[in-house]
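See below for the structure under consideration.
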Amino acid sequence: MFARFSSRTSLAAIVAVPMLVGAGELAMSGAALAAGPCNGGAPTTTQTQCLTAVQIPGNPLRSYDISWVNPHRAEYYLGDRSNSGIDIIDTHHLMFKRTLGKGLFTGVVLAGNGTVNNDKSGPDGVVTHGRWLYAGDGDSSLKVFDLDGPNALAQPPLFTGGTTRVDEMALTTDGELLLTVNNAEDPPFANLFAANGDRNHSTVREITKITIDIGADIPAIEQPAWDPKTRRFYVSVPVVGGNPAGCISRANPNATPPVVVTCDGGLLVIDPTNVTSGSMALGAFNPAKNTGLVKLSDCGPNGATVGPHDNLLLGCTQANNPANRSTLVINAGSKHFTHVNGIVGSDEVWFNKGDGRYYTGSNRNCAPTGCPAQAAVLGVIDGTSVLIETIPQSSGSHSVAADSKRNLIFVPQNAPVAAVGAGGDTTAVGAGICGTENDKTGTGCIAVYSHHVDRDRDDHDRDDRDGDDHDH
C-alpha cells in the first residue's frame, strides 16, 4: 500500500454455511478457534451480509496488510504483522487454523513517533498457488513456504535489492511466474521471479528487476494483477509526475502552506515474455507491444484486479491525489475506461468470480461532493461497474479477499485504539463486528461476509475466463 502518502436480501436468505464443528472435529483441526456471530455490529439491510467474526489468537490486530484466498484449498491468508506471520483461516468451517512462519518476519516496526512504520514492517503481500505460499517482508525479502510442509521456509529468503518491504504481488495462472513490487523504495521497482508452479520442490529464482523510466517522478508502485487473456501483468502506479503537466508529485506537509500531491497515477503494463535478464526499464506506453506506462485520468490507484470482459478495476485513492473522487475501471486491451462514482480510497481490491462482483477495501466512502476523513467501508461493485453498496468497517480497514467457491468475503478488523494505541480502530464498528464493543481489550477479528446468488436467476455479469479462480 502507498504508506507515504440497494439492498433487498434478508439475513435468512444468505447462502448456507456449514455448521461450525463440534468438539470432536475441533480437536482434529489442531489449534483452531471457532468463529462467533457478527454481534449486531454490521447492517442487516445490505445485500452483502456479515455472517460471522473469526478471532485471531495472539497479539491484537494492530497492523496487517494484504490478504488472499485459495478456494481450492479452502484457505484464507492474511499478512499479520501484529503476530509476525501469515494467518490461515479454513474457509469451509470458518475457523482459524494456524499462523504460518510466526517469528520469521520483521513484524511491527515502529517509527520514532510510535506509529507503525509500514515501509519496514512485515509480512506484507501474500499470494498462493497450489501448495506454495509467497510472502513479502519488511527487510526487502521474499519468503516461500510449503503449505503441505513444516512451519519453516521452503528455501532461503530471496532479497530484492532494497531496504524496505516487498509489498504486493501477483502470480500467473499456472503459478510459474511471480511479480513483486518494492513500493517504498526511491525509485520503486518490481521483480519478476521464476516461481514453483505445480512442482513438489521449491526453486524460486529472480529473472529481472524492473524500473520505470519516463523522465518523470514515480514515488511508488502498488498492487499488480495478472490478466490471462492479454498475458500481461498490470501494476497500479499511484502518482506519475507530469500527469497532467505542471502537477506536484511529492507532498511536503512542512511547507507553508503545505504542498499536496496534484498528479494522477498510471498503469504499468509488463509482458513477462519480453524482459531483459538482470534488470530493465520500461518507458511510456507502446500500444503496438501493449507494454509500458499508461497515464490515467482522475485516478491515483493502489488496488488492481481483473474482472469480467478483460476489465481491470483500479482502487483510486485521495491519499495519492486529493482531487480523486471515484474508482476506475479500464479495459486491459482497448484501454477504454469508466469511473465508478461514490467510492474512493481503495487499497486492496478483489474480483469474486462466484457472484461476478468486485469488492474494495476502502478507507473513505465518498459522495461526489466530498469525502470524510475516516469512513472505511467494504465497497461492492457489480460486473457492469455500478456501485451496489458500501458497508462500514473498522477505521484501519484496507484489505479484502473472497472465496469464489463459497461466495464468502473476508475483511480484517483492527483492534480498538484503546487496546493497541496508534493504528487501532477509532470507531465502534470493528468492536461491534468482533463482539468487543464494551471490551476495550478487544483483539480485532476477520469479518466474514456473504452474498447470496440465485443460480436460477443469474443476474450478475460473469466472465468465463481461463485458468485459476482469481488472477490478482
Side-chain angles (χ1 to χ4, degrees), residues 1-2 66 119 124-125 127 134-137 139-142 144 157-195 204-228 230-243 249 265-296 300-306 312 314 332 335 471-472:
M1 80 192 39
F2 193 21
I66 298 305
D119 295 347
D124 301 291
V127 295
Y134 308 90
D137 202 2
D139 59 357
S140 194
S141 70
L142 171 68
V144 185
L158 294 106
F159 289 90
T160 60
T163 60
T164 56
R165 63 182 173 167
V166 173
D167 195 17
E168 304 191 52
M169 53 188 71
L171 279 164
T172 54
T173 303
D174 59 8
E176 292 286 346
L177 293 173
L178 170 70
L179 186 77
T180 69
V181 300
N182 276 58
N183 80 311
E185 298 294 328
D186 193 6
F189 57 84
N191 293 81
L192 182 66
F193 291 89
V204 180
R205 61 178 178 82
E206 183 178 331
I207 298 172
T208 192
K209 175 181 176 180
I210 303 170
T211 55
I212 303 172
D213 184 8
I214 61 166
D217 188 30
I218 306 290
I221 55 178
E222 275 287 339
Q223 185 177 1
W226 168 254
D227 175 33
T230 60
R231 305 194 66 79
R232 300 289 193 275
F233 287 104
Y234 294 84
V235 188
S236 288
V237 180
V239 175
V240 175
N243 181 33
S249 59
L267 183 66
L268 182 65
V269 187
I270 300 172
D271 177 2
T273 67
N274 187 22
V275 298
T276 302
S277 179
S279 64
M280 64 176 292
L282 285 173
F285 182 67
N286 183 333
K289 295 182 177 180
N290 193 19
T291 60
L293 183 68
V294 178
K295 293 183 179 180
L296 301 175
N302 274 24
T305 188
V306 179
L312 294 114
L314 305 181
K335 305 302 182 295
D471 298 294
H472 203 40

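To the nearest 0.5 Å, atoms NZ (Lys295) and CD1 (Ile214) are separated by 5.0 Å. In this structure, the separation between CG on Asp137 and CG on Leu158 is 12.5 Å, given to the nearest 0.5 Å. The distance from the CG atom of Asp167 to the CD atom of Glu222 is 5.5 Å, given to the nearest 0.5 Å. Between atom OG of residue Ser236 and atom CG of residue Leu314 there is a gap of 5.0 Å, rounded to the nearest 0.5 Å. Once rounded to the nearest 0.5 Å, the distance linking NZ of Lys209 with CG of Asn182 reads 8.0 Å. Put simply, OG on Ser279 and CD1 on Ile207 are 13.5 Å apart, with the number rounded to the nearest 0.5 Å.
Within the 4.5 Å cutoff, no side-chain heavy atoms of Thr208 are placed close to those of Asn191. When side chains are defined from C-beta on, Pro187 does not count as touching Ile212, because their heavy atoms never get closer than 4.5 Å. The side-chain heavy atoms of Met169 and Leu142, taken from C-beta on, include a pair separated by under 4.5 Å. Between Ile221 and Leu268 the shortest side-chain heavy-atom distance does not fall below 4.5 Å. Considering only heavy atoms from C-beta on, Leu179 stays 4.5 Å or farther from Phe193 through its side chain. Looking at Pro219 and Val239, their side chains come closer than 4.5 Å, going by heavy atoms from C-beta outward. A heavy-atom distance below 4.5 Å is found between the side chains of Val240 and Leu293. Thr163 places none of its side-chain heavy atoms less than 4.5 Å from the side chain of Ser140.
Residues Pro272 and Leu177 share a closest heavy-atom pair of CB-CD1, 3.7 Å. Here the closest heavy-atom approach between residue Ser141 and residue Pro157 is recorded as CB-CB, 4.2 Å. Of all the heavy atoms in Ala195 and Leu171, the pair that sits closest is CB-CD2, 4.2 Å. Closest of all the heavy-atom pairs between Gly241 and Ser249 is CA-CB, 3.9 Å.
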Would you be so kind as to tabulate the donor-acceptor pairs closer than 3.5 Å made by side chains of residues 281-290, with sequence neighbours excluded?
| unit_1 | atom_1 | unit_2 | atom_2 | d |
| --- | --- | --- | --- | --- |
| Asn286 | OD1 | Ala288 | N | 3.0 |
| Asn286 | OD1 | Lys289 | N | 3.3 |
| Asn290 | OD1 | Lys335 | NZ | 2.9 |
| Asn290 | ND2 | Tyr234 | OH | 3.4 |

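Side-chain atoms of Asp119 and Thr164 include no donor-acceptor pair closer than 3.5 Å. In this structure, a donor-acceptor pair under 3.5 Å is absent between the side chains of Thr291 and Asp271.
A donor-acceptor pair is defined here as one N or O able to donate and one able to accept, closer than 3.5 Å; such a pair exists between the side chain of Asn243 and the backbone of Gly265. Within the 3.5 Å criterion, the main-chain N or O of Phe189 finds no donor-acceptor partner in the side chain of Thr211. Of the possible polar contacts, none joining the Gln223 side chain to the Val235 backbone as a donor-acceptor pair under 3.5 Å is found.
Checked for salt-bridge contact, Arg232 and Asp227 miss the test: no charged N lies under 4.0 Å from a carboxylate O.
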### Intermediate values then yes/no, side chain to side chain contact (heavy atoms under 4.5 Å, CB included), Thr180 and Glu168
CA-CA 6 Å; Thr180 69; Glu168 304 191 52; over 6 Å; no
